[in-house]
Amino acid sequence: MSRPPLGVVTLLLAPLLGACSAPPTAPPAYTESGDGLPGPKIWSEAVIPFDANGDRLIDLLFVNANGWRRPGDMGAPSTDPLAPTLLINRSEEHGAPRFSDETSAFFPKDLLIHGKNAAVCDVDGDGHNDIAFAVAFGAQQRLLMWDPDTKRFVDGTERLPKLILNSNGVGWGDLDDDGDPDLVWVDSGPRSDRAPGGKARMLLNDGTGRFTEASEERFPAIEKISGQNAEVVDIDGDLDLDVIVDGKSPVTQLYINDGHANFRLDTTSIPEGERGCRTYDVDWADLDGDGDLDGVFMNFVGPQRRKLANVVLANRLTETGVLSFELVKDAFVGRNLEDENDFALVDADDDGDLDVVVAVLTSPPCEEKLFINQGDIKPGFLVELEAAFPIRHDGSLDITMVDVDGDGRYDAVTAQGESSRREDFRNRLYLATGPTDTTPPAISRVTSREGPARPGKPVPIRAWIQDATVDDGNTFVTAHLHWTITDANGETRGTSPMAHVGGCIHRAVLPPATAGATFVYRVTARDPYGNKSASADRTLAVR
């Protein structure tokens, strides 16, 4: 069991002393639903869960390509660009999950790309998500906007500047604290795995979903060979969003935000993996309950990969007050490094800490793997739960954890591509068994101003909230800011919804107040199953 974050007050009552203990719960496991998901059997690079049509059910977006370094390589059936696939969740309440391929009903017919990933967020503030695509092989990056009149996505790429990249990833988050999402694309350069590489690009949103590229002074990017991901997270605990660019070259780039989208490049704080390997992927979340972000680090070094192992980067910010990482080389117990391609983090056993799910590409027997977190980061703290997934001879490039059937368990969805030699590229859904989610979200940090607020000025408040699944910035938590103003006229109370602004950060604004007023405020969070938590009260004077 992980340590509870400081300052968090859970609203669930502990069992009374002397009450009967609960019956034992079966360990987590995953059973395939059917024989693959609907949709074309093509090379899929990524899967993103989100509500595409506003019916409050989770749909699935698959991003597709033909090729790894270049179109048509690695056994791709052709060099042709591909349409993304959108599976709409048509499940009935309390029924088995049922998805329908409705790509043509929701996407432009001419949307053909070598897509590698996507960022799903509401860029124009209309209350509905839009989609930014990372496109490979020297192409314009793409943006789709939701059209409320036609109830479908339309091409909004003209809202972007000219952005011809070989991109494997795009990340999103409110980088300048103005309440709207900004975008960061990685670029691998002219050749995906060779010098000189490419520079990540930051695009700032004007609030209406139109973007301008930030200057080099604001975002001093340097070349990265085979850039893979743009992770937008609060790595240094100051409640603004930083940018981490990883990928298949040794140095992981960290861009530290000053809170207003002015970044400082740091190439030394995040260590290299074991024996100076090339980084494939790093996923960031609080693994030990101390309120800072640790890294699950995937090694990659070509033909020598089997001499290496995946590792964990333990963040020592909470213990020391300084951002620093300890590389825990022998964190995993069980099969480690089998040509894996993605991590997803989920509290599979409902004990309050995040476990690690691993998508496997080609190493036999090729099933996905689940490592159970023992609570404290140390050697051997991630222990493989054998036979958690059925054996499938497919090539998984991506995995996400999402409850598709509403039973309180996070299911697994995999995207297949590249090296699936024995079966076609069949994307799959694995339904979770075992315990349901009864653990409330953890509110580990809330904005705490040292000085007073200015009269007549709104005050942005941010909170970092982690729940039972963390994967590429997705969150299924709803949060609210509750406040009381005391001034010459007495007390006024209010509640504001907190928008998710990326990287598990939620944001709302305290209203303007007059000089001499005092705010008392707190944050509450709720997951889809009614598990709730609340922060401690904070006080803010207005002078």
Side-chain angles (χ1 to χ4, degrees), residues 4-14 51 54 56 121-122 125-129 173-174 176-181 207 234 237-241 259-260 291 437-468 475-543:
L6 297 177
V8 177
V9 181
T10 62
L11 302 185
L12 299 180
L13 298 179
D51 179 8
R56 299 187 179 182
C121 54
D122 178 10
D126 66 352
H128 197 286
N129 281 316
D174 179 13
D176 51 4
D177 197 28
D178 62 357
D180 54 50
D234 175 21
D238 60 359
L239 286 166
D240 58 42
L241 289 165
H260 304 286
D437 182 4
T438 64
T439 303
I443 307 172
S444 291
R445 295 189 298 279
V446 177
T447 298
S448 179
R449 292 170 59 100
E450 296 181 359
R454 296 176 60 187
K457 299 291 185 181
V459 181
I461 300 295
R462 289 187 167 209
W464 181 83
I465 304 170
Q466 180 172 287
D467 196 37
T475 180
F476 304 104
V477 172
T478 56
H480 287 83
L481 177 64
H482 308 266
W483 43 267
T484 301
I485 305 174
T486 303
D487 57 20
N489 297 318
E491 286 189 352
T492 304
R493 299 178 184 272
T495 299
S496 302
M498 301 188 77
H500 177 224
V501 294
C504 295
I505 300 284
H506 289 70
R507 180 186 188 272
V509 178
L510 292 173
T514 59
T518 300
F519 280 102
V520 176
Y521 64 93
R522 72 181 188 281
V523 171
T524 60
R526 178 188 179 107
D527 70 15
Y529 315 110
N531 303 310
K532 303 175 185 177
S533 56
S535 72
D537 286 346
R538 297 180 181 274
T539 301
L540 176 64
V542 181
R543 300 194 188 114

Can you check side-chain contact (heavy atoms from CB on, under 4.5 Å) on Leu239 and Ile505, steps first, answer last? CA-CA 7 Å; Leu239 286 166; Ile505 300 284; 3.7 Å; yes
Minimal heavy-atom distance between Ala453 and Val459, with the atoms involved, is CB-CG2, 3.7 Å
Is there a side-chain contact between Pro511 and Ile485, using heavy atoms and a 4.5 Å cut-off? yes
Answer yes or no: is there a donor N or O on one side and an acceptor on the other, between the side chain of Ser533 and the main chain of Pro440, under 3.5 Å? no
Could you tell me whether the side chains of Arg522 and Ser535 share a donor-acceptor contact shorter than 3.5 Å? no
dist Gln466:CD -> Ile443:CD1 (nearest 0.5 Å) comes out at 12.5 Å
Taking Thr539's backbone N and O only, do any of them form a donor-acceptor pair with Asp537's side chain (distance below 3.5 Å, no angle check)? no
When you measure from the side chain of Asp240 to the backbone N and O of Asp177, does any donor-acceptor pair fall under 3.5 Å? no
Please report the closest heavy-atom contact between Thr439 and Asp527, naming both atoms and the distance. O-OD2, 3.5 Å
So which heavy atom on Ile465 is nearest to which on Ala479, and how close? CD1-CB, 3.7 Å
In Å, rounded to the nearest 0.5 Å, how long is the span from OG1 of Thr518 to CD of Glu491? 10.5 Å
Does any non-hydrogen side-chain atom of His482 lie less than 4.5 Å from one of Thr524? yes
Using every non-hydrogen atom in the two residues, find where Leu241 and Gly503 come nearest and quote the distance to one decimal. CD2-CA, 4.1 Å
Would you check, one step at a time, whether the test side-chain contact (heavy atoms from CB on, under 4.5 Å) holds for Thr514 with Val542? CA-CA 7 Å; Thr514 59; Val542 181; over 6 Å; no
Residue pair Trp464 / Gly291: nearest heavy atoms and the distance that separates them: CZ3-O, 4.5 Å
For Gly179, does its backbone N or O pair with a side-chain atom of Asp174 as donor and acceptor, under 3.5 Å? yes
Polar side-chain atom of Asp487 near backbone of Ala517 as donor-acceptor pair, under 3.5 Å: no
Partner set under ring pair (Phe, Tyr, Trp, His ring centres under 6.0 Å) for His480, not counting sequence neighbours: none
Salt bridge check: are Asp234 and Arg462 linked by an N-O gap of less than 4.0 Å? no
Please examine the side chains of Asp467 and Thr475, heavy atoms only from C-beta on, and report whether any two atoms are closer than 4.5 Å. no
Residue pairs involving residues 503-543 (criterion ring pair (Phe, Tyr, Trp, His ring centres under 6.0 Å); sequence neighbours excluded): His500-His506
What pair of heavy atoms forms the shortest contact from Asp437 to Ala468, and how long is it? OD2-CB, 3.6 Å
